[in-house]
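Everything on this sheet refers to the single structure shown next.
As the structure lists them, so they are numbered: ligands from 1, and atoms in each ligand from 1. This one's a predicted model, so the numbers in the text were calculated from it and none came from an experiment.
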Amino acid sequence: MPAEIMTREQYLRQSLDDRLPYYEKDGRIYDVMLSQQFSREFMENLFDVADRLKQISREPEGMDYISSLLRHKRAMLYFTQPSTRTFLSFLSACQIVGMRTGEVRDPTLSSEMKGESQEDALRTFSSYFDLIIMRDAKPGFCEYMAYLFKFSGRDVPIFNGGSGKDQHPTQALLDMYTLHRSFQDRGGISGKVYGFVGDLLRGRAVRSVAYLLSRYSDIQMIFAAPSEFQISPELESYLLDKGVTVHKTDSLEEALPQVDSLYMTRVQDEYDVSGESSRVDYTRYHLTRENVSRMKPDAVILHPLPRRYELDPALDTDPRAMYWRQLRNGMYIRAALILYVFGKEHLLDEYRGS
Ligand code: CP
């Protein structure tokens, strides 16, 4: 390895400002790694692209047109942590824009079982594919791979589909897109109260979407969680620096009447070290047919899913429940992101219909 290439530890010790330029090319986002990459202007342009995709794809001719845009490209989906929505919505997004795909979801069926490093596995994928979409439990691992690719001779873009407890930037984009659509006739995302409920310390989606909401003005956030799983001091201080009004509580009941949006989360017990989750009474953070009546009639209910018991399925027919729309929005926002990274999003404007 040439002397100038940093080890993973050295690379991740760098500040965010030092790392972010590695994920850009020609002034545009190239690798999708962290929510901090997305400006408000970037998000709003992407929302327009996703809206246009939705609209055009209603007609079979429109679907044919969209699927011609990246017919010459291939994507690799490398998911070493379980996933349903992120995997399938990225797969569907690739199909919408015409990309062919390959996948490894079980590394025991790949040459990693013969001792191959993940670095070599990813470099192999980059030889065959034009985009790598990955989920891996190790925070910072896909960031480091995006950095290493800069020296590999074949620098294909990498999308972070969830990096351990760290970040889930495309989940945050689809959450923001859902909020944008929910509030577009009600003054937009700014000036509203956003509640977050549950395991807020270890939930990567909450952290990623909170960063993005802080791009808007006059934002209040209420974090309702058991003290063991409250947001980190780092996130709180980031939000305060951005002018967000932050209120932390251990009471869901206190939050319910105040919020315009309620973001529910499940307990993230896959990250337990010594049974911490079992020592918390999570039933206090369940949204039910009874306590949902305390919410505003026009509030929205989000959940990144999967859910367990914190969100009663009886609420699925409540007009405030947006979580099934949220996951479908994920397919469109991810397709929009793929078009953007390959510089093809402007071609949607050339579609004239049948
Ligand atoms: N929201 C989300 O990331 O779901 P999956 O774990 O099913 O991908």
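Near ligand 1, residues S83, T84, R85, T86, R135, H168, Q171, P304, L305 come within 4.0 angstrom through at least one heavy atom.
Take E270 and apply the salt bridge (Lys or Arg N to Asp or Glu O under 4.0 Å) test, not counting sequence neighbours, and it matches R266. With sequence neighbours left out, the side-chain hydrogen bond (donor to acceptor under 3.5 Å, both in side chains) criterion links Q10 to T7. By the ring pair (Phe, Tyr, Trp, His ring centres under 6.0 Å) test, Y128 is found to be paired with no residue, residues two or more places apart in sequence or in another chain being considered.
For F42 and F38, the ring centers sit closer than 6.0 Å to each other. For an aromatic pair to be called close, the ring centres must be under 6.0 Å apart, and Y30 with Y23 fails this.
With salt bridges taken as basic N to acidic carboxylate O contacts below 4.0 Å, none links R202 and D166.
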